[in-house]
Amino acid sequence: MDMKVAAKKLGLKERYAAMTRGLDWETTYQPMDTVYPYDKFEGIKIHDWDKWEDPFRLTMDAYWKYQAEKERKLYAILDAFNQNNGHLGVTDARYINALKLFLTAVTPLEYMAHRGFAHVGRQLRGAGARVACQMQALDELRHAQTQIHSLSNYNKHYNGFHDWRHMHDRIWYLSVPKSFFDDAVTAGPFEYMVAIGFSFEYVLTNLLFVPFISGAAYNGDMGAMAFGFSAQSDEARHMTLGLEMIKFMLEQDPANLPIVQGWIDKWTWRGVRMLTIVGMMMDYMLPKRVMSWKEAWEIYFEESGGALFKDLARYGITIPKCVAQATIEKEHITHQAWTTFYQYGAAAAFNTWIPEKEELDWLSEKYPNTFDKYYRPRLEYLGEQAKQGKRFYSTTLPMLCQCCQIPMFFTEPDDPTKICYRESDHNGEKYHFCSDHCKEIFDHEPEKYVQAWMPVHQIYQGNCFKPDVDPTAEGFDPLAAVLDWYNIQFGRDNLDFEGSEDQKNFDTWRQTAKSNG
Amino acid sequence: MAVVAVQAYTGEVRDRVENFHGNQLLYIGWEDHLMIASPLAFLFPPTMRFGDVLEKALPNAFGVHPEWEKIDWNQAQWFKSGQAWTPNFNQTLAENGLKHKDVLRFRTPGLTGIKGTCS
Ligand SMILES: [Fe+2]
Ligand SMILES: [Fe+2]
């Protein structure tokens with residue numbers, strides 16, 4: 001062995017090169033196409049992987065050291081929060097319902113993001129891109145873990161946190177985030193990178209994390225704030241990776257442009273539809289509000305996203321067509337979504353409610369064009385009914401969109417009083433959609449979406465009961481059987497916040513804490 | 001178009017009518033009454049009389065709306081996949097030409113929802 005090489009101490013840059021690309025080689029026993037079987041079928045042409053600009057310049061040992069330090073701080077904050085009964089310091093127990101939704105809808109996606117990046121981090125031919133993806137795969141696994149740890153403390157005190165992973169695969173509204181990510185991870189590695197690395201991480205992530213983290217901080221939840229900030233410090237790297245991938249594909253071959261543009265269009269819309277739930281959380285579930293969904297959309301999409309697409313214009317990328325519709329819908333979707341959750345509140349693993357008067361006033365002020373005209377009378381009527389003991393629970397299942405799987409509550413872009421119905425026929429079978437954009441996604445790859453696990457249809461097929469249940473038995477109660485299969489405990493996890501166990505416990509505990517103090 | 005995939009494949013149609021044990025899906029929405037937030041999904045046998053849909057199924061689903069009682073069914077307008085459509089109440093779903101996953105809407109002229117907001 002030649003010891004002279006080892007004696008030389010490497011600089012940071014060389015060390016990085018040695019630890020990433022230096023570990024890569026051209027295979028000879030097997031052709032490269034056999035070793036990397038998935039990075040060509042999508043039609044993306046890459047001529048020179050060496051042109052990839054590594055966005056992280058981070059080696060695994062440095063990553064490890066830095067993240068370990070971050071986690072130590074995070075767990076110190078969590079311990080302090082938990083030991084001091086920090087959960088009693090949040091604004092109002094209604095806030096905790098936003099955490100239930102987060103844990104069941106978003107945390108499992110962090111884990112799926114881990115799997116997705118681990119997969120792509122194996123399948124891309126370029127070593128630089130592979131290493132970057134592997135690093136992000138670890139980030140996403142950490143995000144899932146820190147969220148689970150942070151929120152596990154709430155499970156000691158509140159309902160609805162007890163079986164989030166089981167619920168994620170079953171509950172009707174959780175099929176929205178689940179199918180979103182399943183769509184991404186079943187695509188090829190390049191589409192995945194556009195779907196999650198670019199459209200989600202770069203274009204939409206602020207709309208998820210800003211309301212969530214500032215919402216947690218605003219509402220006194222140091223625990224959730226801690227994991228939020230910890231995750232957010234990784235986001236800069238994730239965003240850079242997503243953007244680098246877009247630019248790399250576009251620079252490598254002009255034929256890549258239409259494919260990339262198609263993916264950006266698709267995944268911006270998929271993301272926008274999924275963020276309906278986040279917008280609803282901002283406008284309805286945070287007792288102390290950070291900003292309205294409309295404001296968040298304007299700042300983080302219209303302004304920041306607008307600047308980004310201007311920057312990408314030199315590659316020939318244009319702003320997705322669906323943005324025009326999303327911009328109109330910013331004044332509507334959160335109200336439409338909350339009314340839906342409210343009426344299906346018997347089948348949700350969190351509590352729902354009609355906002356208080358000051359909250360309705362806030363919504364009127366934030367949505368001057370639409371709230372009083374279309375939504376306030378609806379909510380006020382339902383609120384009055386509830387006060388008279390006639391709380392509205394719908395017992396008939398909703399029609400869903402075959403693509404985003406959201407109940408068909410979205411209205412025509414040019415008429416908020418008309419539900420938007422779209423349909424396609426494929427091989428003699430009908431499929432229904434909430435919008436032109438969801439229909440377009442289906443029409444482009446129908447054989448993918450005909451397989452969708454639509455919760456409403458699955459219930460009607462009898463696939464959402466426990467195995468020992470007999471639906472033909474006398475007095476069979478399908479809702480009860482479905483909730484049992486979801487592991488939602490009737491009267492504890494679901495129904496209205498008013499009169500809920502969480503509401504009572506929180507008030508009692510806070511009183512006790514106050515009188516002891 | 002074909003799915004962008006490593007090799008050609010066809011998807012399993014998860015909601016084909018055979019999976020519904022002799023029943024079929026029918027979606028129904030009430031125009032201008034969005035307090036009921038979305039159109040609803042019903043499961044009916046194709047031999048069911050259309051009048052029974054109206055008399056037995058819809059009241060459970062839409063009856064909670066304060067304007068339900070005010071509906072004049074002789075005035076109601078029906079649409080199938082957005083096109084004007086006339087049901088025969090004494091015929092079955094199948095005889096009315098309703099197939100699995102068809103979507104119907106009904107409009108009730110003069111009724112415009114809570115405080116006239118189409119709620
Ligand atoms: Fe993450
Ligand atoms: Fe959709």
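Lettering of chains follows the sequences in order, A, B, ..., and the numbering in each one begins at 1. Keep in mind it's a predicted model, so treat the numbers as computed, not measured.
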Walk me through it: do A:Tyr421 and B:Val103 pass the test side chain to side chain contact (heavy atoms under 4.5 Å, CB included)? CA-CA 9 Å; A:Tyr421 294 82; B:Val103 59; 3.6 Å; yes
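- Residues A:Tyr460 and B:Leu25 meet the side-chain proximity criterion, which asks for heavy atoms closer than 4.5 Å.
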Name each donor-acceptor pair under 3.5 Å that joins a side chain in residues 397-409 of chain A to protein atoms two or more places apart or in another chain, with its distance.
unit_1   : atom_1 : unit_2   : atom_2 : d
A:Gln402 : NE2    : A:Tyr449 : O      : 2.8
A:Gln405 : OE1    : A:Ser175 : OG     : 2.8

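- Residues of residues 35-42 of chain A having a heavy atom under 4.5 Å from any heavy atom of chain B, listed by number: A:Tyr38, A:Phe41, A:Glu42.
- With a threshold of 4.5 angstrom between heavy atoms, A:Thr411 approaches chain B through side-chain atoms but not through N, CA, C or O.
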Side chain to side chain contact (heavy atoms under 4.5 Å, CB included) for B:Asp15 and A:Gln461? Distances and angles first, verdict last. CA-CA 8 Å; B:Asp15 294 324; A:Gln461 287 180 31; 2.9 Å; yes
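- Of the two parts of A:Ala452, only the backbone, made up of N, CA, C and O, holds a non-hydrogen atom closer than 4.5 Å to a non-hydrogen atom of chain B.
- Both the backbone and the side chain of B:Phe42 come within less than 4.5 Å of a heavy atom in chain A.
- Pairing each heavy atom of A:Pro377 with each of B:Thr117, the nearest pair is CG-CG2, 3.6 Å.
- B:Lys115 contributes atom NZ, which lies 10.0 Å from atom CG of A:Asp372 (distance to the nearest 0.5 angstrom).
- Contacts with chain A were tallied for B:Asp102, B:Val6, B:Asp32, B:Ile36; B:Val6 has the most, counting heavy-atom pairs under 4.5 Å.
- In terms of non-hydrogen atom pairs under 4.5 Å with chain B, the most contact-rich of A:Arg378, A:Arg376, A:Glu445 is A:Arg378.
- Here the NZ atom belonging to A:Lys418 is positioned 8.5 Å from the CG atom belonging to B:Leu34, to the nearest 0.5 angstrom.
- Across A:Phe392, A:Phe410, A:Tyr374, the residue that shares the most heavy-atom pairs under 4.5 angstrom with chain B is A:Phe392.
- Rounded to the nearest 0.5 angstrom, A:Tyr381 OH and B:His65 NE2 are separated by 7.0 Å.
- Taking 4.5 Å as the limit, every side-chain heavy atom of A:His432 sits out of range of all side-chain heavy atoms of B:Pro39.
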Please assess A:Tyr431 against B:Lys101 for the test side chain to side chain contact (heavy atoms under 4.5 Å, CB included), listing each intermediate value before the final yes or no. CA-CA 8 Å; A:Tyr431 299 91; B:Lys101 292 168 83 179; 3.6 Å; yes
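- Counting heavy-atom neighbours within 6.0 Å of A:Gln388 CD, excluding the residue itself, gives a total above 12.
- Chain A forms the most heavy-atom pairs under 4.5 Å with one residue out of B:His100, B:His33, B:Glu12, B:Arg16, and that residue is B:Glu12.
- The distance from the OG1 atom of A:Thr472 to the NE2 atom of B:His21 is 11.5 Å, given to the nearest 0.5 Å.
- Counting heavy-atom pairs under 4.5 Å between each of B:Gly29, B:Ala5, B:Gly82 and chain A puts B:Ala5 at the top.
- At a 4.5 Å heavy-atom cutoff, A:Gln385 makes no contact with chain B through either its backbone or its side chain.
- Judged by distance alone, with hydrogens and angles left aside, the side-chain atoms of A:Gln343 form a donor-acceptor pair with the main-chain N or O of B:Met35 at under 3.5 Å.
- We find the OG-NZ distance between B:Ser119 and A:Lys373 to be 12.5 Å, quoted to the nearest 0.5 Å.
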Determine whether B:Glu31 and A:Thr417 satisfy the following criterion, side chain to side chain contact (heavy atoms under 4.5 Å, CB included), listing intermediate values before the conclusion. CA-CA 8 Å; B:Glu31 295 284 272; A:Thr417 67; over 6 Å; no
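- Of the possible polar contacts, none joining the A:Ser394 side chain to the B:Ala61 backbone as a donor-acceptor pair under 3.5 Å is found.
- The closest donor-acceptor contact from the side chain of A:Glu447 to the backbone of B:Ala8 lies at 3.5 Å or more, if one exists at all.
- Of the listed residues A:Met454, A:Gln451, A:Glu191, the one with more heavy-atom pairs under 4.5 angstrom with chain B than any other is A:Gln451.
- Within a 6.0 Å sphere centred on NZ of B:Lys99, heavy atoms belonging to other residues, nucleotides or ligands number 12 at most.
- With a 4.5 Å cut-off on non-hydrogen atoms, A:Asp443 touches chain B through its backbone but not through its side chain.
- Ring geometry, A:His457 versus B:Tyr27: the interplanar angle falls from 30° to 60°, so the pair is classed tilted.
- Of all heavy-atom pairs between B:Ala37 and A:Thr340, the closest is CB-OG1, 3.2 Å.
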